[in-house]
Amino acid sequence: MATTRIGLDRLPAAARAAVEQHTGPLFTAVEATEGFNSEIAARVTSATGTWHIKGLRTDHPRAWTQRREAATAPFLAGVAPALHWRVEAAGWDLLGFEALDGHHADYSPGSRDLPEVVALLCRLGDTPCPDVELRHAEQRLERYAARPDDLRFFAGDHFLHTDLNDANVLVNDRAPQGDRARLVDWAWATRGAAWLDAGYWVIWLIASGHTPASAERWAAEMPVWHTAPAEGITAFAAANRNIWDEISTADPDPWTLRLATAAAAWQGHREAA
């Protein structure tokens with residue numbers, strides 16, 4: 001369920017003052033239209049620069065997402081925007097990120113962004129998993145796997161994002177080729193098998209117009225995909241069909257139904273292979 005978004009102008013004065021200790025006086029704020037986790041998400045111009053600010057009340061049920069993002073950010077140079085400051089004041093937890101330029105990734109067939117996403121996920125694959133609190137992929141997928149023995153395919157010690165929504169990938173066409181994309185929103189960062197993010201991407205590619213075979217060919221551009229046993233990929237597809245069936249039943253929005261259809265198409269492709 002999406003978190004209700006509010007404006008920066010509704011922050012308590014003490015919380016805003018704590019932010020301005022890092023930024024200087026705030027001039028303008030443009031509220032983000034994407035994302036589901038934050039009560040505050042805005043691109044803010046201040047006396048000292050431009051920031052992307054995310055925030056939740058400290059008693060919010062998803063307050064853990066702020067802690068997760070703050071914990072993982074120092075380890076994501078070249079993969080995610082830099083975290084410059086964190087403020088906890090007046091009942092709010094606020095994160096000040098580097099403000100990225102660019103557009104949300106286009107996952108459609110033939111898009112020029114696809115090689116940039118491959119390069120991004122390869123950089124993430126080369127990033128050591130930090131010694132911070134993360135959920136394990138096999139724990140997150142436990143309720144959805146077709147068989148308990150399938151969970152062994154998902155376990156590992158690699159650093160994963162797991163939410164490859166195109167809105168979470170920003171591409172700056174003016175950056176050097178091969179280094180144009182960055183991943184945002186690390187609330188669901190996870191420890192698991194190296195190839196899982198490529199698998200999560202497959203579902204979003206299918207939802208963006210690819211056939212399952214085409215989506216898997218893009219996943220195969222990443223060396224880690226070739227470490228995945230075929231049986232493990234099939235088990236992952238089945239688990240994700242169960243996840244998206246549950247999500248789309250509970251929240252039948254067009255985008256959740258689109259993902260459920262994509263996950264079902266991938267599972268059908270794997271079973272027919």
Side-chain angles (χ1 to χ4, degrees), residues 68 72 75-76 79 107 114 117-166 168-169 183 185-208 210-249 256 259-273:
R68 180 70 47 77
T72 57
F75 304 96
L76 291 166
V79 174
Y107 286 171
L114 297 176
V117 179
V118 169
L120 170 64
L121 293 178
C122 286
R123 292 197 301 277
L124 175 56
D126 291 335
T127 302
C129 193
D131 186 18
V132 300
E133 183 181 355
L134 297 172
R135 290 198 68 188
H136 292 255
E138 66 272 24
Q139 295 171 335
R140 287 184 54 190
L141 295 168
E142 185 175 10
R143 291 179 47 230
Y144 304 102
R147 294 174 298 274
D149 191 50
D150 288 344
L151 297 174
R152 62 192 168 92
F153 296 121
F154 314 142
D157 197 32
H158 291 266
F159 200 8
L160 307 172
H161 183 277
T162 77
D163 186 5
L164 273 294
N165 185 333
D166 52 287
N168 286 337
V169 181
L183 265 170
D185 196 350
W186 285 80
W188 294 99
T190 296
R191 189 187 311 271
W195 55 273
L196 292 188
D197 269 335
Y200 283 114
W201 191 38
V202 164
I203 301 167
W204 284 94
L205 289 172
I206 297 170
S208 300
H210 292 257
T211 65
S214 169
E216 287 193 358
R217 283 195 294 272
W218 276 106
E221 292 291 310
M222 288 168 267
V224 294
W225 185 251
H226 302 282
T227 68
E231 186 181 359
I233 297 173
T234 301
F236 185 70
N240 276 277
R241 178 176 185 172
N242 291 334
I243 289 171
W244 284 107
D245 280 349
E246 179 180 280
I247 292 172
S248 63
T249 299
T256 63
L259 268 294
T261 299
W266 190 27
Q267 184 192 20
H269 171 75
R270 295 300 307 178
E271 290 182 345

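If you read the sequence from its start, that first residue is 1, and numbering goes on from there. Predicted, not measured: the structure shown is a model, and the values here were computed from it.
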_Can you give me the closest heavy-atom contact between A219 and W225, atom names plus distance?_
O-CB, 3.3 Å
*Determine yes or no for a side-chain-to-main-chain donor-acceptor pair under 3.5 angstrom, with N240 supplying the side chain and F236 the backbone.*
yes
*Looking only at heavy atoms, which two atoms of H210 and A215 are closest? And how far apart?*
CB-N, 4.1 Å
_Holding to salt bridge (charged side-chain N to carboxylate O under 4.0 Å, His left out), I want the full list of residues that pass it with D163, two or more places apart in sequence or in another chain._
none
*What are the two closest non-hydrogen atoms of I243 and L141, and how far apart are they?*
CD1-CD2, 3.5 Å
*Counting N and O atoms only, with roles assigned by atom type, does the side chain of T234 sit under 3.5 Å from a partner on the main chain of A230, one being a donor and the other an acceptor?*
yes
*Can you name the one residue among D150, L151, D149 that meets side chain to side chain contact (heavy atoms under 4.5 Å, CB included) with F153?*
D150
*asked:* Whether the side chain of R140 engages the backbone of W188 through a donor-acceptor N/O pair (distance < 3.5 Å, no angle test) should be reported.
replied: yes
_Side chain T227, main chain V224, donor-acceptor under 3.5 Å_ = yes
*Could you tell me whether a side-chain N or O of H226 sits under 3.5 Å from a main-chain N or O of A220, the two making a donor and an acceptor?*
yes
*Mind checking the CH2-CG spacing from W218 to L121? Nearest 0.5 Å is all I need.*
12.0 Å
*Taking everything shown except E142 itself, do over 12 heavy atoms lie less than 6.0 Å from its CD?*
no
*With no hydrogens and no angle check, do the side chains of W266 and E216 hold a donor and an acceptor under 3.5 Å apart?*
yes
*Under the 3.5 angstrom rule, does the side chain of H161 hit a backbone N or O of N168 as a donor-acceptor pair?*
no
_Distance in Å, L205 CG paired with R217 CZ, rounded so as to fall on 0.5 Å steps_ = 11.5 Å
*What orientation do W186 and F159 show, parallel under 30°, tilted 30 to 60°, or perpendicular over 60°?*
tilted
*Run the salt bridge (Lys or Arg N to Asp or Glu O under 4.0 Å) check on D126 and R123 step by step: do they pass?*
CA-CA 5 Å; D126 291 335; R123 292 197 301 277; over 6 Å; no
*Sequence neighbours excluded - side chain to side chain donor-acceptor pair (under 3.5 Å) pairs with any residue from residues 129-138*: none
*Step-by-step side-chain contact (heavy atoms from CB on, under 4.5 Å) determination, T261 to S248*: CA-CA 10 Å; T261 299; S248 63; over 6 Å; no
*Before giving the answer on side-chain contact (heavy atoms from CB on, under 4.5 Å), spell out for L183 and L164 the whole-Å C-alpha distance, their side-chain angles and the decisive distance to 0.1 Å.*
CA-CA 8 Å; L183 265 170; L164 273 294; 4.2 Å; yes
*Please lay out, stage by stage, how T162 and L196 fare under the test side-chain contact (heavy atoms from CB on, under 4.5 Å).*
CA-CA 7 Å; T162 77; L196 292 188; over 6 Å; no
*In sequence, state the C-alpha distance, the side-chain angles, and the governing distance for R241 and E246, and then conclude on salt bridge (Lys or Arg N to Asp or Glu O under 4.0 Å).*
CA-CA 9 Å; R241 178 176 185 172; E246 179 180 280; over 6 Å; no
*Looking only at non-hydrogen atoms, find the nearest pair between Q267 and A238 and report the distance.*
NE2-CB, 3.6 Å
*Side chains of V202 and I206: closer than 4.5 Å at any heavy-atom pair?*
yes
*Enumerate the residue pairs fulfilling side chain to side chain donor-acceptor pair (under 3.5 Å) with a member in residues 191-206, sequence neighbours excluded, ordered by first and then second residue.*
D157-R191
_To check you understand the geometry: which heavy-atom pair defines the closest contact between A207 and A262, and what is its length?_
N-CB, 3.6 Å
*Going through the checks in order, is the side-chain contact (heavy atoms from CB on, under 4.5 Å) test met by L259 and I203?*
CA-CA 7 Å; L259 268 294; I203 301 167; 3.6 Å; yes
*Heavy atoms only: give me the nearest D245-T249 pair and the separation to one decimal.*
O-OG1, 2.7 Å
_Gap separating the CG atom of L76 from the CG atom of L124, nearest 0.5 angstrom_ = 7.0 Å
*Find the distance between OH (Y107) and CG (L114) and round it off to the nearest 0.5 Å.*
9.0 Å
